[in-house]
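This is a predicted model, so every value here is computed, not measured.
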2 protein chains.
Amino acid sequence: MAKLPLDRIVEGDCIDLMRSWPEESVDLVFADPPYNLQLSGELHRPNNTRVSGVEEAWDRFDDFSAYDRFTFDWLTAAHRLLKPDGTLWVIGSYHNIFRVGKTLQDIGFWILNDVIWVKTNPMPNFRGKRFTNAHETMIWCSKSPTSKYTFNYDSMKALNDDLQMRSDWTMPICSGGERIKGADGAKAHPTQKPEGLLHRVVMASSNPGDVVVDPFAGTGTTAAVSKRLGRRFIGIDREKDYLAVARERVRQTPEAGDAEAISPAPSKRKEPRVPFGSLVERGLLSPGEILESPCRRFTAKVRADGTIISSAHRGSIHQVGAAVQGAPSCNGWTYWMLKTDGGKKVPIDVLRQKLRSEAMPATA
Amino acid sequence: MAKLPLDRIVEGDCIDLMRSWPEESVDLVFADPPYNLQLSGELHRPNNTRVSGVEEAWDRFDDFSAYDRFTFDWLTAAHRLLKPDGTLWVIGSYHNIFRVGKTLQDIGFWILNDVIWVKTNPMPNFRGKRFTNAHETMIWCSKSPTSKYTFNYDSMKALNDDLQMRSDWTMPICSGGERIKGADGAKAHPTQKPEGLLHRVVMASSNPGDVVVDPFAGTGTTAAVSKRLGRRFIGIDREKDYLAVARERVRQTPEAGDAEAISPAPSKRKEPRVPFGSLVERGLLSPGEILESPCRRFTAKVRADGTIISSAHRGSIHQVGAAVQGAPSCNGWTYWMLKTDGGKKVPIDVLRQKLRSEAMPATA
DNA sequence: CTCGTCACTGAATCGAGGA
DNA sequence: ATCCTCGATTCAGTGACGA
């Protein structure tokens, strides 16, 4: 069993290589497999210039069943390689994405989202025979339905001006200075993905120090973005030309310097738990004090053991809050209010905040 | 062999019925099959109200293979029914669309486009565990690779301000007066589609007088739109409740009088919002870079998630800008400055302008 | 009449952790 | 494995109602 070649771009067949590495050792896989475009003939623009499409040998398969076998094999190898809580992303177009999606469901991957990359500047449809193909589809899935996968919800929300990040991402195609070109000025790879796309993928579904694998590395976009964001990376490709480009690109990419700049936004779920009873123990609340619900509809009395008691219910702040409202559940911290000396009502959550900030040194 | 029941909503199993009709007799099929959502348990909003999902028996299948058999059967019957130059549309979500797409390719359908319905007002993700599921996917395909299918390119272009119609369609979900409700005020069907979607489908891929079949008619949206646009229609459903609703709806739908009179007003998308985070994603700013306030009184560091952090505050550019000044609010775009290579300071708003001008031409 | 407030809703695969 | 508790979590829009 080979060791993981961390922080390298390695040459070889991704199926063989992934099989040779330790199982359940990787946190995130991002894959941009051949699309099996089945192009026939050439396409010209209205001004008669020729459109340079994907003509490379790696995109040719004999038929659907050959493509399906290939898809099954690399997805199965990736499934084995992933940690139980790891996730996988695949990007594709209508040529291949339906076969890929069906296959990964069959293997046992559990789809979390399909995410649409909406291109601001797609290639037009020159013949006027179809809609402009202005998007690509990504599938994000966990290893199993019960995985406790990473999703940096708060980071994604922050990236989107404090609104939940949606499943449609509007972004330009990779061009200009970001597009890598050879000495002859020709593009180094026909399907180089924009770094912005990978930035969002890596930020959303991994943490600093996680291992990110790209089985079809191409120009090394996944590796470069992972390095910049402080993740470990492995890129795989079979083509020597691409390997050279990707390695040089990664070499030029700066390390993530500053842990503060790349860490995911703080999540409330990860803050230390404060039992309600400790507010009583520490004297922020006294036994016998009265809590009020919003609009003063209900009241409850604090007991010395950290339970509260209303006219008809007794139990934790959450249980009683749910019971008096007849709701299935309740966050007692935000539901119950306390009258301050000034006469204002504040949720008891401010007491919890006080305890937390006292107990912990100020962190950035 | 039964005759086609033109301009009617018929009761029965769509597979049996389509098999009983003459082959190669239909121009267009639009299908909104069960999505096989596999919901388990209940979901509540943060305010404890219950989300009413799709609980109907018609959406339940034992497993993937039962769903695949069902899919294969109705798609095969539709393939037989279509004229050689006819086309088919299917709509679905990530739960089913990959299996549907793979199956229709296997049957011999030729995919022309996948079209994304981007919802302006999707249901949020209440638990914060995934991206907001803000779109559905449609597949448009011809009966074979060599079909001379109908595509009203110029109508679509006209609908889109004289720009080619793209594969992403932004449209609200069906609500308000369009949403059909029963006597009790409950929605008549859990998944009624907006007429705007069908308008575009029917306009794009059929001509007046063509026969349009919807095997899963539901509330009859396809039939109503087809009638209004001067197409012949057939709707099929098994549920008596839906049949009654659809028949009444079609009855109330006016015939197309003057075909030229039907010209819907295209709605321009408003200027896209640029989240500060996208400057980081697109590489116009790097995590760790320092922003300065006017007069250099305060500084803040850019983080990879699009928040910024000063000595005492963390949050959006607006929040931190307000906090350091002790102001109630602040426009971070004009407040925070960046040092350019030349040593001059410019507000970060110039980066937003740059992104807008680069990235946002020509979207629908 | 307008305006503000409040309640309600939509194809949803929507915990984590300890006992 | 199962049960139980804690407690985190929502956006755009429609429509009813009252001032």
- For the pair made of CG in Asp85(A) and C1' in dG17(C), what is the distance, rounded to whole Å? 14 Å

- Query: In whole angstroms, how far is the C1' atom of dA12(D) from the NE2 atom of His135(B)?
  - Reply: 19 Å

- For dT2(C), which nucleotide is its Watson-Crick or G-U wobble mate, given both distances must be under 3.5 Å? dA19(D)

- What is the distance, rounded to the nearest whole Å, between atom CD of Glu271(A) and atom P of dC6(D)? 18 Å

- Message: Cation-pi check for Phe64(B) against Arg99(B): NZ or CZ below 6.0 Å from the six-membered ring centre and within 45 degrees of the axis, yes or no?
- Response: yes

- Query: Given that both distances must come in under 3.5 Å, which nucleotide forms a Watson-Crick or G-U wobble pair with dA12(C)?
  - Reply: none

- Item | Side-chain-base donor-acceptor pair under 3.5 Å for Arg273(A) and dG18(C) | no

- Query: Rounded to whole angstroms, how far apart are CG on Leu43(B) and C1' on dG15(C)?
  - Reply: 12 Å

- Mapping Glu55(B) and Asn47(B) to their closest nucleotides on DNA chain C, which lands nearer the 5' end? Asn47(B)

- Query: What distance, rounded to whole Å, do you find between the two P atoms, one in dG7(D) and one in dA11(C)?
  - Reply: 34 Å

- Task: Starting from the C-alpha separation in whole Å, work towards a yes-or-no answer on salt bridge (Lys or Arg N to Asp or Glu O under 4.0 Å) for Glu271(A) and Arg356(A).
- Result: CA-CA 9 Å; Glu271(A) 290 189 71; Arg356(A) 275 194 181 130; 3.5 Å; yes

- Write down the distance between CG (Asp349(A)) and P (dT9(D)), rounded to a whole number of angstrom. 11 Å

- Message: Regarding dA11(C), can its base be found pairing with the side chain of Lys193(B) as donor and acceptor, where the two atoms are less than 3.5 Å apart?
- Response: yes

- Query: So what's dG17(C) paired with, Watson-Crick or G-U wobble, going by both distances under 3.5 Å?
  - Reply: dC4(D)

- With a 3.5 Å cut-off and just heavy-atom distances, do the side chain of Asp32(B) and the base of dA11(C) make a donor-acceptor pair? yes

- Do the ring centers of Trp169(B) and His135(A) come within less than 6.0 Å of each other? no

- For Gln38(B) and His95(B), indicate whether the former's side chain and the latter's backbone hold a donor-acceptor pair under 3.5 Å. no

- Query: With rounding to whole Å, what would you report as the distance between dC17(D) and dC1(C) at their C1' atoms?
  - Reply: 15 Å

- Item | Distance, rounded to the nearest Å, where Arg45(B) contributes CZ and dT10(D) contributes C1' | 9 Å

